[in-house]
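Since the structure comes first, as structure tokens, the remarks are kept for the end.
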Amino acid sequence: MFLSAKNITLDFPLEKSSDEHVWLGTESALGGRVCTQGGQRYIRALDDLSLDLHAGDRLALVGHNGSGKSTLLRVLAGIYHPDKGSVESDHAVSGIFNMHLGFRQEATGYRNIVLKGLVAGRSRAEIEEALPSISEFTGLGPYLDMPLHTYSQGMAMRLAFAVTTAFSNQILVMDEWIGAGDAQFREKIVERMNSFVNAATIIVVASHSQGLLRRIATKALWLEHGRIHRYGPANEVLDAYEAQTSPVGSAIRRLAALGTRSGMWLPTPQERAEAGEPPCLAWNLVDKLDVPLKLCVRDPLRSSEQFIGNVGHRGLWPLPTWIRPGMEFTLHDATDQCEVATLTLPEAAGVLAGP
Amino acid sequence: MVPSIIASKRDWHQALRLAPLWTNLAIEDLRDRYRRTVLGISWIIVSFALFVAVKVVVFGQMAATPMAEFGLFVTLGFGLWSYINSMVVDACTAYMHSRPWILGTSIPYPVFLLQATLRNWLVFGLVLAVMAAALYWKPTPWSPRALYAIPGLLIYLVTSIWLAAILAPLCARYRDLYHAIQTGMRLLFFVTPILWMPSISGILGQIARLNPMTHYIDIVRDPLLYDRVPAGSWWVVLAINAIGLVASVVVYAATRRKVAHWV
């Protein structure tokens, strides 16, 4: 089993616009390169990209918005035809780009399952065979006899996910498939994903959820301007990507220099001297991987609390000048508001001194 | 070009094997349109019958022909026209309306063309039933020549498919084309002998002869109403189909790689 792309290049032609000068010649960090050939301008979405996947490979695609992730997935799924190069595979490729595609609001749950099966190229008999397991997984019971518009969003999501996964092929390319959904169902999806991931033997998935990608991917491809920026083992590439792109990206790299401590702490001037950091707060909550956290500062004197921002499970926050001894830093779990770490800035500590 | 044509052939072959898919999609399209109505798809019959009745009553006053003949002339002509018109307009939007499908799955494009064609035939089937019922009032005696209407209807099917293969990609690429065709069809209705007989004036007869729609209508209406097989009209229609088939192969093959960028 294989899925390979050889030197694929894909251009999106640009319509002639009257206000070209506005952006002509400006190089954007996002999107593909704008090129001109024979008077026709186009965006080079994928640029001479090759990859080779075999049974058991699970490839994570990462990159900025517009770096070509979705375009690459669509080329692999046979939706876009590359201008140069070719895509080959020995099995049918299933693309999952929009789980709700083809759902009819007015038709019943059962009817929708049948339609989605037909879309996936299954025969009526194969669909009938899959029906019991799908209805069991959705847990929708009698609702399957009712029209889809009577479903809540979450229920529709359950149906979409169950049907999509039941009718997928052995080679699977997916775009941001995890989507929304409540925390409970999300866990159920991940559970289902494991069997799903095991059933399909080659998977290519693009997502902005690093934690999720780490849990399923074996390889990772970092795209930039439609080109391979880095390609290799998942952890290596994802670490590098995370370090560069996280909101406190440079700080995280320096955090690595601070060691592998866990919890929440104030790096000493000596520790900071190595990393060249101004006074800062550091945290590394290894058990809170992929949990959205909120950083707040509490001032006991004025009994007020200030929300600083949404943060990842590890990070550095350079202390602003208004921070005073006695103030308390807290990290909350953004989903259930539980405090996961707190730290009070001690009196007369050297932490506020510069390196 | 040759590899494109081979790939096109594969597309059509796959699409034909996916017949249960486009059949069900076409049925769902129709169901969606009439869902939660009391009359359901009988609305097609009701609205067509009422429309024709009013047209016959109003325009019959101005026509010199006997009421039974004129009524049947309008019923058959308008029934055929309503299919042609909605098929042409749907052919234009076959890809545009399937945008999420084209960007979300690798289903071969002919599926969307066949879906649009079948959807129109399902409606046409009901209209044909009304037309058949109207033949009860046929003033002239029946003869086996009326059966020539059947190959005429087959030509409608063939034309629909190649026309969709040409118009769907071109309208997705050039959005003005869709509006131009929609407007053109509205104008064409008045220069096609449906509400008027071509015999009433020399100039109108001239216009009717130059209008390909006249010939399409005649190959079905003439055998049913006048026991006559219009040889001239058949030649025109067959020539259009020969050119259209070749053109559709070229357009489909030339556009299949670009459709996903255009929709």
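The basis for the numbers below is simple: all heavy atoms, side chains too, and nothing from hydrogens, waters or symmetry mates. Since the model is a prediction, treat every value here as computed from it, not as a measurement. In what follows, chains carry the letters A, B, and so on, assigned in the order in which the sequence lines appear, proteins first and then strands, with residues in each chain numbered from 1.
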State, with a plain yes or no, whether a side-chain heavy atom of B:Arg31 is found less than 4.5 Å away from one of A:Arg111.
-> yes
Please tell me if the side chains of A:Val119 and B:Leu21 come closer than 4.5 Å, counting only heavy atoms from C-beta onward.
-> yes
Which residues from residues 41-49 of chain B are near chain A, with near meaning under 4.5 Å between non-hydrogen atoms?
->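 Residues of residues 41-49 of chain B touching chain A at under 4.5 Å: none.
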Proximal to chain A - members of residues 104-122 of chain B, heavy-atom separation under 4.5 Å =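 The stretch touches chain A at B:Gly104, B:Thr105, B:Ser106, B:Ile107, B:Tyr109, B:Gln115.
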Should we count [atom1] of [X] as having more than 12 external heavy atoms under 6.0 Å?
X: B:Phe51; atom1: CZ; answer: no
X: A:Glu129; atom1: CD; answer: no
X: B:Tyr156; atom1: OH; answer: yes
X: B:Tyr174; atom1: OH; answer: no

To the nearest 0.5 Å, tell me how far [X] [atom1] sits from [Y] [atom2].
X: A:Leu118; Y: B:Leu25; atom1: CG; atom2: CG; answer: 7.5 Å
X: A:Arg74; Y: B:Ile102; atom1: CZ; atom2: CD1; answer: 12.0 Å
X: B:His261; Y: A:Asp83; atom1: NE2; atom2: CG; answer: 6.0 Å

Below 4.5 Å from any heavy atom of chain B, which atoms of [X] appear? Answer side chain, backbone, both or neither.
X: A:Ile127; result: neither
X: A:Ala107; result: both
X: A:Asp11; result: backbone

Shortest non-hydrogen contact from [X] to [Y]?
X: B:Arg36; Y: A:Glu106; answer: NH2-OE2, 2.6 Å
X: B:Leu103; Y: A:Tyr80; answer: CD2-OH, 3.8 Å
X: A:Leu115; Y: B:Asn24; answer: CD2-CB, 3.8 Å

Below 4.5 Å from any heavy atom of chain A, which atoms of B:Arg35 appear? Answer side chain, backbone, both or neither.
->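 The answer is the side chain of B:Arg35.
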